[in-house]
Amino acid sequence: MEVSIRENVRSKVDTTEYMTVEEVLSKYSGMVYRLAYARTMNRYDAEDITQEVFMKYMKHQDKLQEEEYRKAWLIRVTINAAKSLLTSAWNRKRVSMEEVEGMLEANAYQKGEADSGLLLEVAKLPDKYRIIVHLFYFEELSVKEISAVMRMKESTVKSHLFRARERLKKTLKEEDFDV
Amino acid sequence: MFKDEYRKEMDQITPHASFLQELSEKMEQEGQAQKQGLSMGRGRYAAMWGGIVAAAALLCLGISIFRSGTYHTGEEDASLMTQNAGGIADREEGESIFDGSAWYGQETDPLKIYEIFVQKLKEDEDLMVSVSDTEIFGDEDYLSPVEAEKLVLFLTGGNYLGGIEEYESLLKGKPVYYLLECSDGTIIKCTVYEEQYLCCSDVNGVFELQSSLKGARE
């Protein structure tokens with residue numbers, strides 16, 4: 001009995017990964033930033049969201065020592081923070097598609113990105129599709145994982161992916177869309 | 001490939017080093033502030049309870065209550081984390097709804113695949129049906145349950161016609177597209193031409209069926 005308790009404790013410890021601030025930032029800042037960008041399509045908003053998420057992380061870090069919890073929590077909080085920011089931004093100013101295109105072009109220019117045509121088309125997708133496309137294609141989360149993190153039924157995740165893909169197929173070149 | 005191109009472009013979207021440096025410093029400061037706050041908080045509690053002479057037992061009780069209170073702070077977050085982590089932990093390797101061959105399993109006969117669809121539609125009590133005049137589905141309205149039931153009766157009461165390409169010359173009128181979302185995740189795209197209809201002629205729809213049936217068997 002004692003042995004099994006020890007084993008239990010050991011396995012619990014093994015799944016725990018203590019990380020310093022630098023390690024957390026190094027490992028997850030890209031994920032959080034890109035996710036925020038995928039939602040807002042704006043670098044400045046993505047920075048605001050990233051900062052908010054990691055400051056929240058500092059408050060809850062004691063409970064976020066397990067790798068799986070940490071990643072899921074960061075994704076969820078990023079989505080919430082982006083939603084909250086966009087909701088408040090919506091009240092201040094309605095951003096037109098032309099403005100989004102302008103922002104993307106400006107971003108591309110700042111970064112020296114030669115071709116952001118694909119991102120531009122992704123940016124034109126409705127918000128609810130865009131974030132799922134990002135989680136599926138970039139973060140490589142499964143439908144089940146997206147369903148858990150977005151608190152959606154798996155069928156809804158699939159239908160959103162299906163519709164996003166249908167839309168992209170119409171606007172992107174066929175060779176870009178080979179899966 | 002879309003995935004590769006998307007990843008390539010998103011890989012260029014990275015936070016600026018100066019922003020990360022600034023954020024790192026803020027986080028360190030927050031960490032220090034928390035440590036100091038916690039230390040001061042404990043001091044205040046100790047002083048408060050230490051001032052009571054016959055408080056040895058009471059002090060223990062107080063600390064116990066304090067710790068208990070601390071433990072439950074952020075219960076909702078913990079619950080959320082558990083739910084989310086469950087999703088990650090249960091990940092099925094290789095699951096991708098857009099992978100796979102054109103037809104379900106070893107089945108290559110469109111009629112048999114159609115029969116699988118029909119059975120599925122008949123049995124699904126939470127079927128969601130949306131309709132579109134174009135092939136692109138977006139934010140269109142869903143059919144009411146009564147309308148959806150009528151459509152299912154129509155679809156499952158007829159005969160399978162075949163693929164659109166094959167019968168194109170026979171089809172008349174402007175097509176109407178239906179997206180049928182089953183509660184198990186199966187998505188069937190259906191194209192209706194006047195009184196004739198075609199099911200499971202859409203490649204993506206078949207992919208969806210493959211994926212969900214495979215999942216159900218597991």
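Side-chain polar atoms of A/Arg163 and B/Ser130 form a donor-acceptor pair below 3.5 angstrom.
The part of B/Phe19 that comes within reach of chain A is its side chain, from C-beta onward, which places non-hydrogen atoms under 4.5 angstrom from that chain. If you measure heavy-atom distances from B/Asp4 to chain A, you find no contacts under 4.5 Å at all. Using a 4.5 Å cut-off between heavy atoms, A/Glu47 contacts chain B through both its backbone and its side chain. Heavy atoms of A/Val32 lying under 4.5 Å from chain B are absent altogether.
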Residues B/Glu25, B/Gln21; criterion side chain to side chain donor-acceptor pair (under 3.5 Å); working and verdict: CA-CA 6 Å; B/Glu25 286 166 12; B/Gln21 180 61 35; 3.0 Å; yes
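Other residues, nucleotides and ligands contribute only 12 or fewer heavy atoms inside 6.0 Å of the CD atom of B/Glu149.
Here the side chains of A/Met58 and A/Val21 are in contact, with some heavy-atom distance below 4.5 Å.
Ranked by non-hydrogen atom pairs under 4.5 Å with chain B, the options A/His134, A/Gln61, A/His160, A/Lys59 are led by A/His134.
Residues A/Glu121 and A/Lys124 are paired through a salt bridge, judged by an N-O separation under 4.0 Å between the basic side chain and the carboxylate.
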